[in-house]
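Remember, it's 1-based here, ligands and their atoms both numbered in the order they're listed. Keep in mind the model is a prediction, meaning the values are calculated, not measured.
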Amino acid sequence: MVETAPPATAAPNLWEVALAQFDAAADRLNLDENIRVVLRAPKRELIVNFPVRMDKGDIRVFTGYRVQHSVARGPAKGGIRYAPSVDLNEVRALAMWMTWKTALLGLPYGGAKGGVVCEPKALSPGELERLTRRYATEIAIIIGPERDIPAPDMGTGPREMAWIMDTLSQHVGYAMPAVVTGKPLAIGGSEGRAEATSRGVVVVAAAAARHLGFDLAGARVVVQGFGNVGSGVVKLMSQAGARVIAVSDVGGGAYDPAGLDYEKLRRYVQVTGTVAGFAERVSNAELLELPCDILVPAATQNQITATNAPRVRARLIVEGANGPLTPEADAILNDRGVLVVPDILANAGGVTVSYFEWVQDLQEFFWEEAEVNSRLERLMTRAFDTTLALATRERVSLRLAASMLAISRVAESFLVRGLYP
Ligand code: GLU
């Protein structure tokens, strides 16, 4: 049986969105047409169809992707996503965004993304392990510590990274921790990596709030998503003194204007598997329209659209997910004066600590959590300040400014390297 993607929905094609964003920034930069054609094209795209033995004994064929958008500034870098809706265009867009993300943060990487078309919740741990090890083997021809370094994304985490690390290490006969990041600590993972994306979101949210004249302490925060990114945002926002009034996951949302207690919520989710039912029920759609100071969409793409953007009542949106706003929603929110911190800046904390993890693996010398967190804070703050300064000077959105900064850096690396042959 072949695992196929569900029928296309009306949601915008993410690759077209990424290209349109690129074109807007390139226009504003007056970027040479010759450089545009290079940066618009993903460098390498690998599609693999591979068999996996299921628990019942039958064999299913899964489709996986690994796209390397750019390796101009260093090895390709980016996560691996397990979801039924994964397709080549989505992986391309996410790979391109990784190129801009690493350039914006000044990390010596290009951009990549991988994905497998599957519903991880419907697979047993054994099936997931066999799928992961076989997918890792299929993409082994293009990944490696100096070539392309995967990491977690939606539907994957430290467990999958450990399987990938082990599989590739078995192939060469020695431990190769630097081939993947987001690993468990026991095999060369980094302190602070698990929460890094969330921590970065909170650091830039604090900086953006300060810019708007308010403080995280006492701010009302709404978080969509309670996974790799959202759960850490709820925790760290609460620690910063913010009042998290609503949170949701695929099962629905919980709302309490007096604020949700993170520890109690975490224990509730451990037992029930969802945040829904922890407090007053709200749907995911209602949650996005709650009055609040900061809205953090940390679930998936295309959540705020032309339909609901006019009803969003946040002052500040910080994109924990990749591509949570459609371009139409982005324009509407800009016109309405809502400040949006774009994904390539807001959620770059994950890849930043992935970089620290890779550096530690290569040096075989490990840092304490305080050092990881303070270096993360420094890089995120610097990227935010630089982006805000350009946005202010050019009178453009933070999204356009972030893209302009990132694209000009990648373009420069292409120019100084020159065209071979
Ligand atoms: N998947 C994460 C992202 O979208 C992390 C990537 C990485 O650490 O390489 O940024």
Side-chain angles (χ1 to χ4, degrees), residues 14 18 65-71 73-83 86 90-116 120 139 143-145 147-158 160-161 164-165 177-184 188-190 192-201 203-204 225 227-230 232-233 297-301 318-324 341-361 372 375-376 379-380 383 402 406:
L14 230 47
Y65 305 93
R66 185 71 184 172
V67 173
Q68 298 171 348
H69 170 260
S70 169
V71 291
R73 301 177 63 262
K77 185 85 192 81
I80 291 170
R81 169 174 292 200
Y82 287 177
V86 164
E90 177 180 318
V91 179
R92 275 181 179 145
L94 293 161
M96 181 187 248
W97 287 335
M98 287 309 302
T99 302
W100 311 144
K101 212 182 283 190
T102 56
L104 182 62
L105 268 288
L107 311 177
Y109 287 139
K113 203 76 165 203
V116 177
I139 64 168
I143 69 175
R147 305 205 285 164
D148 180 359
I149 305 120
D153 197 78
M154 270 167 55
T156 64
E160 286 73 20
M161 300 307 114
I164 294 173
M165 179 272 189
V179 70
V180 64
T181 61
K183 300 178 294 294
S190 176
R193 176 61 184 88
E195 278 178 6
T197 311
S198 316
R199 189 173 295 278
V201 165
V203 168
V204 296
N228 290 349
V229 183
V233 170
T300 186
Q301 59 259 21
V318 185
E319 294 188 326
N322 291 312
V341 185
D343 43 13
I344 60 169
L345 174 58
N347 69 37
V351 72
T352 300
V353 176
S354 275
Y355 165 60
F356 298 158
E357 179 175 332
W358 178 75
V359 166
Q360 292 171 80
D361 290 338
V372 172
R375 282 182 184 271
L376 168 64
L379 289 198
M380 292 295 295

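Residue R193 is tested with P184, P158, P152 for a side-chain contact (heavy atoms from CB on, under 4.5 Å); the sole match is P152. Partner N322 forms a side chain to side chain donor-acceptor pair (under 3.5 Å) with one of K101, Q301, E90 and no other, that one being K101.
Pairing each heavy atom of G349 with each of L376, the nearest pair is CA-CD1, 3.6 Å. Between A346 and V204, the shortest heavy-atom distance links the atoms CA-CG2, 3.9 Å. Scanning all heavy atoms of the two residues, the minimum distance from E319 to D343 falls at OE1-N, 2.7 Å.
Within ligand 1, the atoms closer than 4.0 Å to a non-hydrogen atom of N322 are 4 (O), numbered from 1 in the order shown. Listed by number with element, the atoms of ligand 1 under 4.0 Å from a non-hydrogen atom of P152 are 1 (N), 2 (C), 5 (C). Near R193, meaning under 4.0 Å from any of its heavy atoms, are these atoms of ligand 1: 5 (C), 8 (O). Close contacts between ligand 1 and D153 involve ligand atoms 1 (N), 2 (C), 4 (O) [criterion: under 4.0 Å to a heavy atom]. Near G350, meaning under 4.0 Å from any of its heavy atoms, are these atoms of ligand 1: 8 (O). Listed by number with element, the atoms of ligand 1 under 4.0 angstrom from any heavy atom of G78 are 9 (O). Counting the atoms of ligand 1 from 1 in the order shown, those under 4.0 Å from a heavy atom of M98 are 3 (C), 4 (O), 6 (C), 10 (O).
Residue contact check for ligand 1: E357 places no non-hydrogen atom closer than 4.0 Å to it. Residue contacts with ligand 1 leave out R81, since none of its heavy atoms falls under 4.0 Å from the ligand. For P150, the closest heavy-atom approach to ligand 1 does not fall below 4.0 Å. Residue contact annotation: K113 has a non-hydrogen atom under 4.0 Å from ligand 1.
Residue, atom and distance of the protein heavy atom nearest to atom 3 (C) of ligand 1 are K101 NZ, 3.3 Å. When hydrogens are left out, the protein atom nearest atom 7 (C) of ligand 1 is A151 CB, 3.3 Å; that is the closest non-hydrogen contact. Protein heavy atom in closest approach to atom 8 (O) of ligand 1: S354 OG, 2.6 Å. Atom 9 (O) of ligand 1 has K77 NZ, 2.8 Å as its closest protein atom, hydrogens excluded (heavy atom only).
Using modelled atom types and a 3.5 Å distance limit, the side chains of T156 and R81 yield no donor-acceptor pair.
In this structure, the side chain of E357 engages the main chain of G182 through a donor-acceptor pair within 3.5 Å. Between the side chain of T99 and the backbone N or O of G110 there is no donor-acceptor pair closer than 3.5 Å. Judged by distance alone, with hydrogens and angles left aside, the side-chain atoms of K183 form a donor-acceptor pair with the main-chain N or O of P177 at under 3.5 Å.
At under 3.5 Å, not a single nitrogen or oxygen of N347, backbone or side chain, sits near a nitrogen or oxygen of ligand 1.
Contact annotation for M154 and ligand 1: no heavy atom of the residue comes within less than 4.0 Å of the ligand.
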